[in-house]
Structure formats: C-alpha cells, structure tokens
Amino acid sequence: MVETGAQMNDRAAVGCDSLQPTIGGLPSTVDVLVVGLGPVGAAVSNLLARYGVRVLVIDKATDIFMAPRAIALDNEALRILQLAGVNEGDFETVAIPYVRMRSPTLGEFGKGNTLGSLDGHPKLVTFYQPELERCLRNRLKTYNHVQVALGISLAGFESGKESVVASLDLGQGQTHSVAARYLVGADGASSLVRQLIGLEFKGKSFTEDWLIVDARKVPHPIDHVEFICDHRRPTPHMTAPGERERWEFMLRPGETREEMESDVRIRELLAPWGNVDDMIIERKAVYRSHARTASAFNRGRVFLVGDAAHITPPFAGQGLVAGLRDAANLCWKLAWTIHGRTAPQVLETYDQERRPHVKAMIKFARFMGKLVMPRNRVTALVIHGLLRTTRRVPQMRAYFEELEVKPKHTFRRGLFVGGHTHSRLTRGAVIPQGWVRGPDGTTCLSDDILGTGLALIGFGHDAGTVLDACTAAAFAAAGGAVVQIAHRGQRLHLAQRGSWEDLDGVFLPRAVPFGWAAVVRPDRMIVHDGPAIDANRLVRESLALLGTPVNATAHSAEYALPSV
Ligand SMILES: Cc1cc2nc3c(=O)[nH]c(=O)nc-3n(C[C@H](O)[C@H](O)[C@H](O)COP(=O)(O)OP(=O)(O)OC[C@H]3O[C@@H](n4cnc5c(N)ncnc54)[C@H](O)[C@@H]3O)c2cc1C
C-alpha cells in the first residue's frame, strides 16, 4: 500500500542511535550509489558492504519512517537478513504458530501451520519494522567503506557506458555530483529512479481503503494471525512484539479516512477486543493497496529493488520479503562484477530470476485477498465453503495447511546449470539450511560456514580433493570455498579442517545422497550438483556460467583453496 502524504511526514528517530545526517564530505566516486534507506535499501547496503563494495546510500528523509507498515516476515526473509549479518535476537520477533481464516457464518474454513522452523528460521514471525530498520542502519556504521547521507535527495542522473553520474540535492540550493559504477533505486513505490529510466509500473490499484491500527497492552491478546473474512468488514488481526496487536479494517463505501482515524471510531472498532481505555493506541493509518510490477527490474547500470520494483497487496505479507529477495539476488552479482570475478552479463539475470517470482507472489497475494474480502455474502459462502470442503481431502488440506500453496522460490531461467538429478536438490533453488557442528564442537547454522563467496559442498565427501590444480585455482580466484558435510557422528571419514556434522539430518539423507556435491552461489542458490567424484566438472561448468571459465582465471597451480 502506498503511504499518504500525511504519513510521509510522520517520521521520527527510533532510539538515540539512529544515523546522523551527513552533508559534508560526500565522495565524488563510488562503486554503488543506493537511493533510499528504507528497509530494502538498508539490506542492499549491508550486503554490498559485506562483499567489500564501496557504497554511498542516500535518503531524502532524515529519520526512519514510523507509520505502520510491514509486520510479518517468513523464514526466507530471516535467512536473507542472516546473510546481511542480522542474527536472531538482533531485533525482536514473535513466532506465529498458525494463521486462521474465519468466516462469521462458517467458522474456521482455512488454516496455515506456521509452527516450527524451515531452513534454520521460524516459518513466520511478526516484528516491528522501525526496529529492524534501526538494526540494519546500526550495522552500516561498522563498515568504513559505506557512507550514509540522510536528508539528501536524488535529483537526476545520466547513465553512461562506464558509470552513472548522479546529481544530489543537498537542500538550500546546494547540489553534489557523484559518479557510481552502478545505481540501485530503493526509493519506494513512487520511485524517481524508475521514472527516470522510463519503466512502466504495470498492474492494478484497488479501490478499497484499509485502516491499520497498532495497539499495545490489549486486555486479551492473541498469539497468532487471524483473518476475519467478513464481507461487511474484513479484519486481519495479529500479535506482534512489544505487547502489540495489529488490526486492519476495510473501509466501507462512504467512510472517510478522517472519520476512521478518529478516536471515537477506533474505540467502536476495537470494542470486541476490550476497552480502548485499557490499551495504548500506538499507530493508525489508512492505506490503499496496489499490485504493480515494473516492466523490467533494470536498465543498463541502473537497478530497481523493493517497492520501487514491485508493490503487492499485503494479504500474503510478502512486500518487504520480496524486496529482501531482490537484495540477496542482486548484491553478490554487483559485487562480483565490480571485483572482476564475473562477466557483467550476469547482471541481466537479476531481472530474469526475480521478476517471474515477484509476479507469482503478487498473484498469490491477490488470491488471498479474494478469500479475505469476498465481495458479498453469496460469494463469501461459496468460496469459504469450497475451501472448507477441500480440507476433507488430505492432499488438498496439506497443500493449504502446510503452505505448499505459496509460490516456490525456484527459477525457471537464470544463472544455474539446467537439468535434474536424482538428488532432492533443485538447481536454481535455495540449498537447505540446518545446524552443523565443527571439529572443535562449535555449532552454527550451515549458511554461516559457506562464507560470502561460491561454495563447493561435498556431502559425506571432500569434493575439494577431486579438483585438479587449475580448477582449484580458478575456483579460489572466484572466491570459492570447499565445505564438507557429514552425517552426525561420521566426520572421521573426512579431513578435519572444513568438515561439519549435519546435526538435524537436514542434508543427509533427507535432501542429498551420500557422496554428492553441489556448487552454491553467495545467495545460497544451487548452481550445479552431481556425484562428488565429478566435482571438477561441476566447478568448471559453474565458472563458465559465471563468465569466468577456468583457463581465463587460473594462473597458479599452487593456489590454495580456502576450507571453512
Ligand atoms: C499496511 C502495510 C502492511 C504491510 N505488511 C507487510 C508484511 O507484513 N510483510 C512484508 O513483507 N511487507 C509488508 N508490507 C510492505 C512493506 O512495508 C514494504 O514493501 C517495504 O517497507 C518497502 O521497503 P522499501 O525499502 O522498498 O521502500 P520504502 O520503505 O518506501 O523506502 C524508500 C526510501 O526511499 C527514500 N526516497 C524516495 N525518493 C527518494 C529520492 N529521490 N532521493 C532519496 N531518497 C528517496 C524514502 O525517503 C524512503 O526512505 C506492508 C505494507 C503496508 C503499507
């Protein structure tokens, strides 16, 4: 949903440690200029910083946006935040055990089981967006090669063959020019960057307005997410950290923003959940939702991420999550191109990989919207009744309840070697993540041992021993690391260094056969897989795909491969 003008001004610093505006000392050249320090721009800046890229990130606002927006994140989003250096406990979350869909006539007609974890993270959590943004901003302070400049707007840019030269408006008639090798537009739904590169924002704007209310100290809190799918007043309601609860009330025809945001109206709306005098009404805002996607996610050296590239109705809780997927997909490709580890053509796969999934997610959110806000009583009875009936069929029940209905994050085309093997790994999809234990007894999540580069993972096998010197050198030059994962208690078959036990059986034998190997990208997507004895071929084919074929990069047969 796009914020209203009034909400745009509703900004305040979160905590005393938010970043200070930087006006003086702006650089004249950087690797990447990030426009917009919302949550997605902050995630992009953190990821680029981790990959050693020199970043200037600007935002026209001086403080974090405080109006109620994202509240839910899934396991994929949490995993990407982990990649950006944000770990469990760095910001408060509440794990959601289930999502209920309720009809006033039929009762519960649908449910999603979100209890437990997937790939090392809870399947669904709620959180407080300003706190996550503060956390991401604080992390940026730890990098010397990242400069944050607040209160500065992008005014325009010229895109050339070698760089993008941007003009920054510093206020009071002052301007500054900066040349960047790449520009990332993370400037939200009304993106100037998108307009300047002449891309359409195709899709639909809905006619319904929604009042969002965040309250604290609610007398009878819930521990889950529920959608009250009453066609007269659809109302999603959920728990959130800090003793918070959120309600979203769809406005009826004729109801105005002013009326709905009034204390009297909010008191009436919240009456079924308790006396408003006992609650603290923290935030309220009226939004309208949209389903739009930019006609491309990049043009030349300019890339769009987050709401600048796509906006979705909030029913699937996927707006920010999609922006984080953009960040994970794009940042390593930019870094690898800047560091000369890959051919610039690789950057074209950002649009190819991300846009179809974004569209599928928007379609899913619109499907959820149809369940949440049926047009009238008859439609409500038909679609809610149909969904309730399908629950009698075990496969259908599992499809909905175990979230199989949610589009998989798997590429149809992109930067992976096509084809299938008999392993349960999918090329062009994310590698599973689980807890592993190292030789010294250290336990951690498996992504944390893969490093920030390419990884060759040998399952029950030291795949690094199979590489010839030339391939090993090329792989190391491309930032490759070799990791071995063994059954719990079976590490003795492997070299001590770089071997890890699969503590929860996430990889072996659930996903991967013993003696298998996979090449994994920095964003944890699988490029290639096959028997570990073919690791040499797997690595060579993966490097060729990245535009760094073995002969082009291998200089030293002595080059040592890092083992983690
Ligand atoms: C009611 C509601 C509920 C939602 N619930 C969820 C949810 O549960 N889960 C979920 O994943 N998503 C949810 N979303 C979506 C989520 O909030 C957004 O997708 C996310 O905040 C977008 O982040 P962003 O960084 O892309 O854009 P923004 O947060 O909009 O940031 C853009 C930044 O760019 C800056 N900027 C703009 N123009 C310029 C310029 N010319 N120069 C410099 N700076 C500029 C702005 O000041 C701003 O700080 C929800 C949204 C709403 C409204």
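Counting begins at 1 with the first residue of the sequence. Quantities reported herein were computed from a predicted structural model and do not represent experimental measurements. One-based numbering, in listed order, for ligands and for the atoms of each.
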key: For Q318, atoms of ligand 1 separated by under 4.0 Å from a heavy atom   = 10 (C), 11 (O)
message = For atom 26 (O) of ligand 1, which of the options L324, D307, V193 provides the nearest non-hydrogen atom?
response = D307
ask   = Should P68 be counted as touching ligand 1, given the test is an N or O pair under 3.5 Å?
value = no
remark   = Looking at E248, R69, K60, the heavy atom closest to atom 2 (C) of ligand 1 belongs to R69
inquiry  = Taking a cutoff of less than 4.0 Å between a non-hydrogen atom of the residue and any ligand atom, is Q129 in contact with ligand 1?
reply    = yes
task = Quick one: list whatever passes side chain to side chain donor-acceptor pair (under 3.5 Å) with H409, sequence neighbours left out.
result = E76
ask   = Near K408 NZ, under 6.0 Å, is it more than 12 heavy atoms from other residues, nucleotides or ligands?
value = yes
request  = Decide yes or no on side chain to side chain contact (heavy atoms under 4.5 Å, CB included) for V55 and V34, but give the supporting numbers first.
outcome  = CA-CA 7 Å; V55 177; V34 179; 3.8 Å; yes
ask   = Hey, does I71 come in under 3.5 Å of ligand 1, counting only N/O atoms on both sides?
value = yes
query = Is any N or O atom of V40, backbone or side chain, closer than 3.5 Å to an N or O atom of ligand 1?
reply = yes
key: Test applied, side-chain hydrogen bond (donor to acceptor under 3.5 Å, both in side chains); reference residue, R354; option that passes from D326, T349, N329   = D326
note = In ligand 1, the atoms that come under 4.0 Å of a heavy atom of G38 are 25 (O), 29 (O), 31 (O), 33 (C), 49 (O)
inquiry  = So that I can tick it off, tell me whether E353 and K333 are bridged by a salt bridge, with the cut-off set at under 4.0 angstrom between side-chain N and carboxylate O.
reply    = yes
query = What part of I152, side chain, backbone, both or neither, has a heavy atom within less than 4.0 angstrom of ligand 1?
reply = backbone
message = Considering both backbone and side-chain atoms of L192, is one of its nitrogen or oxygen atoms within less than 3.5 Å of a nitrogen or oxygen in ligand 1?
response = no
For G188, the ligand 1 atoms whose distance to one of its heavy atoms is below 4.0 Å = 27 (O), 30 (O), 32 (C)
inquiry  = Geometry only, no angles: is L154 polar-contacting ligand 1 at N/O separations under 3.5 Å?
reply    = yes
key: Crowding at NZ, K406 (>12 non-hydrogen neighbours, <6.0 Å)   = yes
query = Which bit of A186 is near ligand 1, meaning a heavy atom under 4.0 Å away: side chain, backbone, both or neither?
reply = backbone
message = Any atom of ligand 1 sitting under 4.0 Å from a heavy atom of Y287?
response = yes
inquiry  = Below 3.5 Å, N or O to N or O, backbone or side chain included: is there any such pair between D59 and ligand 1?
reply    = yes
request  = Please list all pairs passing the salt bridge (charged side-chain N to carboxylate O under 4.0 Å, His left out) test where one or both residues lie in residues 222-234, with sequence neighbours left out.
outcome  = R102-E226, D230-R232, R233-E255
query = Taking atom 13 (C) of ligand 1 as the point of reference, which of A43, A70, G151 owns the nearest heavy atom?
reply = A70
key: Gap between atom CG of N75 and atom CD1 of I80 - 0.5 Å precision   = 10.0 Å
ask   = Does atom CD of E158 have more than 12 heavy-atom neighbours from other groups under 6.0 Å away?
value = no
query = Considering distance alone, does some N or O of A189 sit under 3.5 Å from an N or O of ligand 1?
reply = no
ask   = So does E88 have more than 12 non-hydrogen atoms from other groups sitting under 6.0 Å from CD?
value = no
inquiry  = Between D119 and R524, does any side-chain N to carboxylate O distance fall below 4.0 Å?
reply    = no
